[in-house]
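Have a look at the structure below before the remarks.
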Amino acid sequence: MFCPKQLLSRFSLTRWTRHILVLFAAVLVSCGGDVFVDSKDTPKIDQYVYTVPDGLELLRVSNGNIYVELGESIRFGIGVSVNGTFNLTDSLQNYFSSMLWNIDGEFFNIDKVRYTFQSSGIKKGYLETVDWFGDTLRNEFSIYVNTPSQVSITFPYDGYNQAEPDNEEGLPLRWNVSGIDSWEKAQCEVFVSKDRDSVWSSSLGKINCQDEVLLEGTLAEDSAASLYWAVAARIESENGQIYDDSTEITHFWTKRFGQDSSVIKIPLVYEDFRYGGPIRTKIKFVDSKGDTLQVLENTLAATTLKAMVLPQSGLKIIFEEEIRREYAYPELTVDVPSRSVIELDTVRFKDKIAPQLEPIKSQFGLTEGVFFYLYDDGAGTGQSRIGVFLNGDSLKYSYVEPYLQFYPQCDRVCKLKIQGDDYSKNELPNHYWLIYNRQDHYEIAGPISEENP
C-alpha cells in the first residue's frame, strides 16, 4: 500500500529527462506517516517509439527516423526503459495518464496505432504523453516512405534499326530511373552483347544513373548486326536498405552495309495447332500501287520468314492460309526505310471459328449407328474434347476425323446433345437434336438451339 499524495508533497518533477519517481509496494511499507525516498534511489525512466511491420514480430526502436515502404502497414507502440532496461511487458498505465500520437497530421489517443502509408515522401509525427506527475513528454520523429523504383530503357528502344554500323559519332545509350528519393542514392550498370544469352555477363561498367553511355566503335563488320542491351539499377537508402531493379533485355539493329534494299523479318506462329496434316502459308508483298512484288510460302507452324525489299512507303503485307482456312491474320502496312532490318511483331495465326457439326443424313438403321460430320478446318479437335449425351446420359462414341459415330438406344423420342471444342477452345454451338424411333430406323431432327427451344 502506498500514498501518492504524501510522495508528491516531497518531490517535484518537471522534465522527463530527470529522474521520475516510480511508486511500488516494495518501497512503501505503510502510509501512516511521512515517507521519504532518497532521489539517488529513484529509477531513471525513458520512453521510446517503436515500430513493428504488420504481420511480423520484428521490433524497430526509432532514433527519430522511421523507414517504411509505400502501402506498408506499420504498428506504432510506446516502449519504456527503467534504468536502461527496455520493458515492453509492464502496463503503460503505471507511467502515463494520457497519450497522443500525431502521424502525418492524423491524431490517435491510444497506446498502439496501426497505420498504412498511401503516399511517398517524408512525413512528420510525434508521440506526446503526460505522466502521473503532470509532466509532458514528447518524441518527434520523421517517417521516410519509399517511392517504388523502376528502371526503363528510352534509347535505342526495342527494335530500333537506324544505328550506323561504322558508328563514327557514337551511339548514345539512355535510360530512366524513377523512384529515387532524396534520402537515397543510385548506381546503374550497363550490359551490351551481340548474344542475347550473354547480356548479363557483358558489363560495360557502372555509372551514375542520371548519366548516359556513348557506345563507340564499329558495331557491324559486313552486314547488319543485332545488339542486345539492358540496365540494372541499385538504389541504397541511408538506413542501409538496398533495392535492385533491372530492365528487360532489348535489342536494336544497325543499318545494312553498302546496299539500298532492306530486310523484313516475319516471326510466324500458328497458335494451338495440333493437327497432323499440312499447312501452307502465303505471304504477299503489295506496293502502294497494288502491284504484287513477291510471294513467300511456308509449311511450318512456327518459323521466321525473310524478304528483301526496296525502300518505300505503304507496303502491304497480306497473309493467307490455304489449307487450314480457319486460321487467319489481318494484313499489315509498313514503311520501309533504306538499308534497314525491319523485324515485325510475331504474326500469330489464330483459329476463331468453331468446328462444323451435322448428321451425314437424316435417317439411320437401328443397328448401323448414327454418324455425324464433325470437322475443324483450323486448330483441329480430338476425341478427348468431345462428349455425346442421350437424354442427359453419356454415350460411348468413336471419332476419326471427320466422322463421329455412336449407337443410341432410344425407345420413342430422345434428346441428343453433342458438346466439345477445338484446340483453340472454340466451342460447338449450343444445339441439340431429337432422335425418333420409327420402328425400323432412327430419324434425326434438328439442330435446335438450347437458347431458343
Side-chain angles (χ1 to χ4, degrees), residues 67 69-70 120 144 146-259 261-267 304 306 335-346:
Y67 297 85
E69 301 299 320
L70 181 65
S120 57
Y144 294 78
N146 178 60
T147 306
S149 59
Q150 184 177 19
V151 54
S152 58
I153 282 174
T154 57
F155 184 84
Y157 49 82
D158 196 31
Y160 179 77
N161 61 4
Q162 296 298 298
E164 291 293 342
D166 50 18
N167 196 30
E168 292 181 354
E169 297 181 358
L171 179 70
L173 304 181
R174 302 189 183 108
W175 58 90
N176 179 64
V177 181
S178 60
I180 304 177
D181 295 305
S182 60
W183 60 92
E184 295 174 329
K185 58 183 181 180
Q187 188 176 57
C188 286
E189 188 169 6
V190 182
F191 302 83
V192 180
S193 175
K194 292 185 177 180
D195 178 15
R196 183 185 183 92
D197 293 336
S198 64
V199 168
W200 295 114
S201 60
S202 304
S203 173
L204 295 184
K206 298 178 180 179
I207 192 173
N208 187 300
C209 285
Q210 306 304 319
D211 294 335
E212 65 179 40
V213 168
L214 191 64
L215 195 61
E216 297 179 315
T218 302
L219 300 179
E221 298 295 339
D222 54 6
S223 63
S226 179
L227 286 89
Y228 299 86
W229 77 295
V231 178
R234 169 161 287 196
I235 300 172
E236 184 174 356
S237 173
E238 63 184 16
N239 73 327
Q241 178 71 44
I242 293 177
Y243 305 90
D244 288 316
D245 193 16
S246 62
T247 66
E248 298 289 335
I249 296 176
T250 62
H251 80 286
F252 61 92
W253 290 88
T254 67
K255 292 183 177 181
R256 304 180 71 232
F257 268 101
Q259 300 183 44
S261 60
S262 297
V263 174
I264 297 180
K265 300 178 69 175
I266 307 174
T304 297
K306 298 180 183 179
D335 295 330
V336 184
S338 65
R339 299 173 52 211
S340 300
V341 176
I342 302 172
E343 186 168 12
L344 302 181
D345 292 337
T346 299

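By convention here, the first residue in the shown sequence is residue 1.
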Shortest non-hydrogen contact between [X] and [Y], atoms and distance:
{"X": "G170", "Y": "L214", "answer": "C-CD1, 3.7 Å"}
{"X": "A186", "Y": "I180", "answer": "CB-CD1, 3.5 Å"}
{"X": "T247", "Y": "V151", "answer": "CG2-O, 3.5 Å"}
{"X": "L70", "Y": "P148", "answer": "CD2-CD, 3.7 Å"}
{"X": "P267", "Y": "L344", "answer": "CD-O, 3.3 Å"}

- Task: Decide whether Y243 and E69 meet the rule of one side-chain donor and one side-chain acceptor closer than 3.5 Å.
- Result: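 Yes, E69 and Y243 have a side-chain donor paired with an acceptor closer than 3.5 Å.
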- Is a side-chain donor-acceptor pair under 3.5 Å present for S338 with R256?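 Not at all, the side chains of R256 and S338 share no donor-acceptor pair under 3.5 Å.
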Taking only residues two or more places apart in sequence, or in another chain, which ones meet [X] in a side chain to side chain contact (heavy atoms under 4.5 Å, CB included)?
{"X": "D181", "answer": "N146, T147, W183, E184"}
{"X": "S262", "answer": "V336, S340"}
{"X": "N208", "answer": "Q210, D211"}
{"X": "D335", "answer": "S313"}

- Is K194 reaching over with its side chain to a backbone N or O of L219, donor-acceptor style, under 3.5 angstrom? yes
Pairwise side-chain contact, [X] with [Y], heavy-atom cut-off 4.5 Å (strictly under):
{"X": "I242", "Y": "I235", "answer": "no"}
{"X": "L215", "Y": "L204", "answer": "yes"}
{"X": "L173", "Y": "V192", "answer": "yes"}

Which side-chain hydrogen bond (donor to acceptor under 3.5 Å, both in side chains) pairs, counting each pair once, include a residue from [range], with sequence neighbours left out?
{"range": "residues 225-234", "result": "W229-T250, R234-D244"}
{"range": "residues 197-206", "result": "E189-S203, S193-S198"}
{"range": "residues 148-160", "result": "D158-H251"}

- Task: Any disulfide (SG to SG under 2.5 Å) involving residues 162-204? Give me the pairs, sequence neighbours left out, ordered by first then second residue.
- Result: C188-C209
- Task: Please step through side chain to side chain contact (heavy atoms under 4.5 Å, CB included) for the pair F252 and L171, ending with a clear verdict.
- Result: CA-CA 11 Å; F252 61 92; L171 179 70; 3.5 Å; yes
Check side chain to side chain donor-acceptor pair (under 3.5 Å) between [X] and all other residues, then give those that pass, not counting sequence neighbours.
{"X": "E212", "value": "R174"}
{"X": "E238", "value": "Y67"}
{"X": "S246", "value": "none"}
{"X": "N176", "value": "none"}

- Item | Chi angles and distances behind the side chain to side chain contact (heavy atoms under 4.5 Å, CB included) call for K255, E164 | CA-CA 6 Å; K255 292 183 177 181; E164 291 293 342; 3.3 Å; yes
- Is it true that K306 and E343 have a side-chain N and a carboxylate O under 4.0 angstrom from each other?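 Salt bridge absent between K306 and E343.
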- Would V263 and I342 count as a side chain to side chain contact (heavy atoms under 4.5 Å, CB included) if you check the C-alpha gap in whole Å, the side-chain angles of each, and the deciding distance to 0.1 Å? CA-CA 6 Å; V263 174; I342 302 172; over 6 Å; no
